[in-house]
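Quantities reported herein were computed from a predicted structural model and do not represent experimental measurements. Note that the numbering runs from 1 along the sequence shown for the chain.
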Amino acid sequence: MRVITSTSDLAEACARLARHPFVAIDTEFLREQTYWPVLCLIQMAGPEDEIIVDPLAPGLDLSPFHELMANERVVKVFHAGRQDIEIIYAKAKLVPHPIFDTQVAAMVCGFGESVSYVNLVKKLTNEDVDKTSRFTDWSRRPLTQKQLAYALADVTHLRKVYLQLKGELDRTGRAHWLDEEMATLLDPATYETKPEDAWQRLKMRARNRRSFAVLIELAAWRERLAQTLDVPRSRILRDEALYDIANQAPTDTAQLGELRTLSEGFSRSARAREIVEAVKRGLERNPRTLPQIPTGQALPAEATALVDLLRVLLKAAAARNRVAAKLIADTSDLERIAVADDPDVPALRGWRLELFGEDALRLKRGEVALTVAKGEVVTVPVAREHRTK
C-alpha cells in the first residue's frame, strides 16, 4: 500500500480526485501532548481512487490538498467532521466546502442521535469496521500495512455510507435539512480559539461577579500561554486551580502561595507573577462589561411542567418523522419556548417549525392538548371555552 510522501504525487492524486463529484476524508492526529493538533495522516477516497497522505513526510507541501478542500465542484464527506475540519482550518485558515457530514445526515434520516461510525457502517452496508488499530500512535514511522489498511478502510466505508445517505435524503426530500445543519460547520468562527472566550469551556461556576471577572482573565492568560508554548491547557494550570485563584483573588505572590491547589514553590515562579497580574486585571474590570453568568436557577413550577409536555411532544414528532430529537430541539430550546414571550430558537424556524415548532407554540397557548391514539402521542384541539387566558 503506497503512501504519498511527495508534493508532486499529492498534486497528481488531488487532480484525479477533483474530477469526481465527492471525496470521503478522514484524518489521524494526536493532541495529547500539544495545544494544536498534530496532523499525522490524511485518508481520501473518491468513487474510483483511494489514497493515504503522510503529512509528516519531509518537504511535503499540503497546498494541493488544501486546493481540493476549497474546490466548490467537489463535495467533501466527513463523519463527525468537526475535529478534522478544525485541523484543516488551523493549517490553512480554510474551511472545506461544500461539505456533507454523515453523522448529521444519519440523524436527519432517523438513525438516532450521534450514531457511531461503526454502527452506521453496519446498518447501511452490513460490513464490520476493524477497530483493532484505533489506539495507534499515528506519529510513529514506519506504520505497518495493517495500520494503513485500518486507516484507509475508514474512508472506503465512508464512501459507501455517503452514497446510501445521499440517496435517502434525495428520496425523502430532506437534503435541504442537511444544508441548514452544515452552516455551523462551515462557519470559520466555529474553529477560532479566542483567549478572551476561553472561560466558556469551563464547567464550574465562579462565586460572584468579582470572581467571574478574575476567572475570565485567568482563563485568557492560560489560553494564550498554552497556544504560545503549544502545550495542553492543563500543563499550564489545572481547572481546579483556576477556580481556586478566581475565588480567592490573591493580589500578591505570597497570597498565591497559600492556595492548596498550587504546588509548593509555585508562588516564586514567573508564572505566579503573571497570574497575579491577571487577577488584578480581573478586579479592575467594570462589572457591566462582563457576560451574563448562567444562573442555574430552577424554572418556575408551571414552566417546568410545560417543558415536560414539550419534551413529550418533541419525542413524538421525532419518532413520527424518523429524525433524531436532538436535531430538532435541545433542552435549552424547550426552556426558552416555555418561558420567553418571543423565543428565538432554531426549533421555531425552517423545517423544524413545521415538524415541531408550530405544535409547540399551540401547546404553550393552550390551543392543543396531548393524547394517545393507537399507541402514538398526538395533539388534539382544545375547545375555546376550556382554554386558559
Side-chain angles (χ1 to χ4, degrees), residues 29-38 40 80 82-83 86-87 90 114 134-139 189-299 304 330-332 335:
F29 57 89
L30 296 176
R31 67 185 315 166
E32 287 81 3
Q33 303 300 321
T34 60
Y35 179 92
W36 305 105
V38 178
C40 301
R82 179 163 177 162
Q83 287 189 307
E86 178 187 8
I87 293 172
S114 302
R134 65 180 303 183
F135 296 113
T136 291
D137 179 352
W138 296 105
S139 66
T190 301
Y191 312 102
E192 292 284 357
T193 52
K194 298 179 180 179
E196 59 268 26
D197 296 331
W199 65 271
Q200 297 178 5
R201 303 177 60 92
L202 302 173
K203 296 179 180 179
M204 296 173 66
R205 296 285 178 260
R207 288 179 181 173
N208 48 49
R209 294 188 71 77
R210 176 175 176 271
S211 298
F212 182 40
V214 175
L215 185 62
I216 290 175
E217 292 295 334
L218 287 171
W221 165 80
R222 183 179 70 169
E223 198 78 7
R224 292 189 194 96
L225 190 56
Q227 290 178 354
T228 300
L229 299 179
D230 193 20
V231 296
R233 298 175 186 89
S234 60
R235 192 80 60 82
I236 304 297
L237 206 62
R238 293 180 295 112
D239 286 357
E240 294 82 356
L242 281 186
Y243 292 113
D244 196 13
I245 297 169
N247 288 324
Q248 299 299 326
T251 54
D252 60 54
T253 55
Q255 292 176 325
L256 199 63
E258 297 172 2
L259 302 183
R260 291 188 300 174
T261 50
L262 298 176
S263 61
E264 185 177 352
F266 184 89
S267 62
R268 295 188 295 274
S269 68
R271 287 185 187 176
R273 293 189 291 274
E274 294 175 7
I275 288 173
V276 168
E277 291 304 312
V279 170
K280 291 179 179 178
R281 288 195 299 272
L283 294 175
E284 292 169 358
R285 286 191 62 159
N286 184 341
R288 295 179 180 177
T289 67
L290 298 178
Q292 186 64 39
I293 305 177
T295 62
Q297 293 179 349
L299 296 173
T304 300
D330 59 20
T331 299
S332 176
E335 291 178 351

Minimal heavy-atom distance between Pro291 and Ile216, with the atoms involved, is CD-CD1, 3.7 Å
If you measure from CG on Asn247 to CZ on Arg210, what distance do you get to the nearest 0.5 Å? 9.5 Å
Considering residues at least two apart in sequence or located in another chain, which fulfil the salt bridge (charged side-chain N to carboxylate O under 4.0 Å, His left out) criterion with Asp239? Arg222
Apply side-chain contact (heavy atoms from CB on, under 4.5 Å) to the pair Tyr35 and Arg235, showing each step before the final yes or no. CA-CA 10 Å; Tyr35 179 92; Arg235 192 80 60 82; over 6 Å; no
Lys203 and Tyr243: which non-hydrogen atoms are nearest, and at how many Å? N-OH, 3.2 Å
List the steps and the verdict of side-chain contact (heavy atoms from CB on, under 4.5 Å) for Ile87 and Val38. CA-CA 8 Å; Ile87 293 172; Val38 178; over 6 Å; no
Distance-minimising heavy-atom pair for Glu274 and Trp221: OE1-NE1, 2.8 Å
Neighbour count >12 (heavy atoms, 6.0 Å) for atom CD, Glu264: no
Measure the OH-CZ distance between Tyr191 and Arg82 for me, rounded to the nearest 0.5 Å. 6.5 Å
Name the one of Ile275, Leu237, Thr261 that satisfies side-chain contact (heavy atoms from CB on, under 4.5 Å) with Leu242? Leu237
Partner set under salt bridge (charged side-chain N to carboxylate O under 4.0 Å, His left out) for Arg233, not counting sequence neighbours: Glu223
Search all heavy atoms of Arg273 against all heavy atoms of Arg268 and return the closest pair with its distance. NH1-O, 4.0 Å
Kindly indicate whether the side chain of Arg281, heavy atoms from C-beta on, has any atom under 4.5 Å from the side chain of Val214. no
Run the numbers on Glu217 and Leu283 for side-chain contact (heavy atoms from CB on, under 4.5 Å), then give the verdict. CA-CA 9 Å; Glu217 292 295 334; Leu283 294 175; over 6 Å; no
Could you tell me which non-hydrogen atom of Trp36 sits nearest to which non-hydrogen atom of Gln227, and how far apart they are? NE1-O, 3.3 Å
Could I get the full list of salt bridge (charged side-chain N to carboxylate O under 4.0 Å, His left out) partners for Arg201, not counting sequence neighbours? none
Holding to side-chain contact (heavy atoms from CB on, under 4.5 Å), I want the full list of residues that pass it with Ser234, two or more places apart in sequence or in another chain. Pro232
Taking only residues two or more places apart in sequence, or in another chain, which ones meet Ser263 in a side-chain contact (heavy atoms from CB on, under 4.5 Å)? Phe266
Which donor-acceptor pairs under 3.5 Å do side chains of residues 250-260 form with protein atoms, sequence neighbours excluded?
| from | atom 1 | to | atom 2 | distance (Å) |
| --- | --- | --- | --- | --- |
| Thr251 | OG1 | Gln255 | OE1 | 3.3 |
| Asp252 | OD1 | Ala254 | N | 3.0 |
| Asp252 | OD1 | Gln255 | N | 2.8 |
| Gln255 | OE1 | Thr251 | N | 2.7 |
| Gln255 | OE1 | Asp252 | N | 3.4 |

Quick one: side-chain hydrogen bond (donor to acceptor under 3.5 Å, both in side chains) partners of Gln248, sequence neighbours excluded? none
Identify, with sequence neighbours excluded, every residue that meets side-chain contact (heavy atoms from CB on, under 4.5 Å) alongside Thr289. Arg285, Asn286
side-chain hydrogen bond (donor to acceptor under 3.5 Å, both in side chains) filter on Glu240, not counting sequence neighbours, yields Arg238
Taking only residues two or more places apart in sequence, or in another chain, which ones meet Asp137 in a side-chain hydrogen bond (donor to acceptor under 3.5 Å, both in side chains)? Ser139
Exercise: identify the closest heavy-atom pair between Ala241 and Leu262: CB-CD2, 3.9 Å
Do Gln83 and Phe29 have side chains that get closer than 4.5 Å, going by heavy atoms? yes
Glu86 meets the salt bridge (charged side-chain N to carboxylate O under 4.0 Å, His left out) criterion, sequence neighbours left out, with Arg31
Got a sec, which residues hit side-chain hydrogen bond (donor to acceptor under 3.5 Å, both in side chains) with Asp230, two or more places apart in sequence or on another chain? none
Expected output: side-chain Thr34 to main-chain Pro37 donor-acceptor under 3.5 Å: no
